[in-house]
Amino acid sequence: MSSTKAASSSELTVKPGESRSSNFIRDIFLEDLKTRKFGDAVIQTRFPPEPNGYLHIGHAKAICLDFGLADEFAGKTNLRFDDTNPEKEEQEYVDAIKRDVRWLGFDWERLCYASDYFDQLYQWAIKLIRDGKAYVDDLTAEEIRKYRGTLTEPGKDSPYRNRSVEENLDLFERMQKGEFADGTRVLRAKIDMASPNLNMRDPVMYRILRAEHHRTGNRWCIYPMYDYAHGQSDSIERVTHSMCSLEFADHQPIYRWFIEQLGIFPSQQIEFDRLSLTYTQMSKRKLRLLVEEGHVRGWDDPRMPTLSGMRRLGYTPEAIRNFVAAVGVSRTNGIVELAMLEHFVREDLNRRSPRVMAVLRPLRIVIDNYPEGQVEEVEAVNNPEDENAGKRKVPFSKVLYIEQDDFREDPPKQYYRLSPGREVRLRYGYLITAKSMVKNDRGEVVEVHCTYDPATRGGNAPDGRKVKSTIHWVSAEHAIDAEVRIYDKLFTREDPDQVEEGQEFTANLNPTSLEIVARAKLEPSLANATIGNRYQFERLGYFCVDPDSKLGHPVFNRTVALKDTWAKVEKKIERKGEL
RNA sequence: GUGGGCAUAGUUCAACUGGCAGAACACCGGAUUUUGGCUCCGGCUGUACGGGAUCGUACCCCGUUGCCCACCCCA
């Protein structure tokens, strides 16, 4: 597979395992393969989430890299749960993560858990103690912190640093047996308390922690730390290239140190930049807080940047993969514009979504010269992007609904839609002209009376006259009601964490991130819509059927709006008006 | 202040490793259009700064500046 293949229109979608532009990780793979760094071994990677929350769009980048890049080189990828901290981890998250990885379009070679290696890790710890490279420390957490020194001052040796091998062996065994209280002792690697890299100042390898582990139950009361577990887990799985995010770069020396001391398979750590998106919060801790404090309805709330949230919103795995491929990978800390993600969502949805007419905010239209009681079936194209999608019939009658936005009593200059005296086209229907209005007590237009030109059935005038606008509609008597949830950005600021002194990031929550339209009017063909179905509501956006839908009460989510040139023009007009 | 990482259009990435700085998104303009969608065409702005070596540098050398990460018994 060419590493620099350009995107052609027939290959818009990035398959799992395909990538678009060159990147530094691929270069490393190429080089390592060329120099046979790992001998005959194929590329082996792993995606190593901690099961303490749901996967989000940031993880999608890691997944596409771990699985995609390996695929590209005919390599293999394991899904490994980094479950070394039982206090935070749960089976629920394990299940959700597996579901989300599969949904994104990937499958793992092996399903692994760091906890699978607890015995091996324990044996290796004993070896390190025997070799004089690890010791049991009785210092408290507080004391360890003090002894560690600071960024500028070297640390001090713990008074327990030079215990005998025998004593360490004995103490560590007793730690494991549960003879000591939580937090009273740790096992540390004996490296260098003066290292300029704080991670090398005798990192803690094991802590005593009595917590039920979601897999090993109460078998253990000591648990390995990330730094001791991760590299060895990679090595056990013979991972050749272990990709992780940039903040672990400072951990690479420990990663290598353990592997070297143990003399085991030399997995190689490669760091890359995390994905950041404007207007979105990617911190797991803060996402959890949004769920727990009820700012959203759950991890799969369509406003969440989680994969389950995006799935429910209507994003497709293809769109996400294409997006990730387009974003690329580097070692720079940047922030990708949300607009880019939305572009790839629209691009994918445009190709696959059947078009349908739906009116969100209905305005009643009465066609005065249309025969009372008459119903015609007009023919509508299902998807102009896909000839095979075919056509459908849509009922047309005397009383219709159009979008409130599509009528203006007093239209601004560049407004082409319906207004008194103006003729527009009802899509696939007739040309109509607005004649008069009915207003309510508040002076709002509640009904518009029009006339239609019977010669324009289908939307074309025999005399060739043109109209500037085509608007969508539904027949009032045939329309079905639906709840439509209009989602918008969860945060009002590009950087949700940018807050005034004393404020929380929740201060930037968008108060109108969810707007519920209780009784939208849909064309009757939507009666068959089932959960998960996606549509383009013509001129409005892409929508999908939410799992909350009940028989007779369909619920649609707006996945993303269509680009709205008119909205821009209108804004410009307003700005001019202010001047 | 210490160590590490990074710096190329508004944004995210490319640039065959020293040979005319490109793409996508965004933005602006136009064409087309029975979706103010899609598509098509065009435009826009750039190698952080200062030196040096070289016929020639985004790429090499020296220096400066800026940003990110690290001082959990979290991962």
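A note on names: the letters A, B, ... follow the listed sequences, proteins ahead of strands, and every chain is numbered from 1.
Remark: the A:D250 side chain and the B:G3 base include a donor-acceptor N/O pair separated by less than 3.5 Å. You won't find any donor-acceptor pair under 3.5 Å spanning the side chain of A:E271 and the base of B:G4, going by distance alone. For B:G5, its base never sits under 3.5 Å from the side chain of A:E247 at any donor and acceptor pair. Between the base of B:U2 and the side chain of A:E153 there is no donor-acceptor pair shorter than 3.5 Å. In terms of polar N and O atoms assigned as donor or acceptor, the side chain of A:R539 never comes within less than 3.5 Å of the base of B:G36 in a complementary pairing.
Using atom P as the reference point in both B:U12 and B:A7, the two lie 12 Å apart (nearest Å). Here, B:G22 and B:U47 have their P atoms 14 Å apart, quoted to the whole Å. Comparing the same atom, C1', in B:A24 and in B:G19 gives a spacing of 26 Å after rounding to whole Å.
Geometrically, A:R215 engages A:Y113 in a cation-pi contact, judged by NZ or CZ lying under 6.0 Å from the ring centre and within 45° of the ring axis. Annotation: cation-pi geometry not satisfied between A:R163 and A:Y135 (NZ/CZ under 6.0 angstrom from ring centroid, within 45° of ring axis).
In B:C13 the base sits anti relative to the sugar, since the glycosidic angle is further than 90° from 0. Anti is the conformation of B:U47, whose glycosidic angle sits further than 90° from 0.
Looking at heavy-atom distances under 4.0 Å, A:L198 makes contact with sugar-phosphate atoms alone, never a base. Counting non-hydrogen atoms under 4.0 angstrom, A:F323 reaches nothing in the nucleic acid.
With its ring centre under 5.5 Å from that of the base six-membered ring and a plane angle below 30°, A:W566 counts as stacked on B:G36.
Distances from the side chain of A:R148 to the nucleotides B:G37, B:U12, B:C71 place B:C71 closest. Closest contact between the side chain of A:E337 and the listed nucleotides B:U17, B:C13, B:A26 involves B:A26. Nearest to the side-chain atoms of A:K563 among the listed nucleotides B:G4, B:U12, B:C38 stands B:C38. Nearest to the side-chain atoms of A:R207 among the listed nucleotides B:G36, B:G37, B:C74 stands B:C74.
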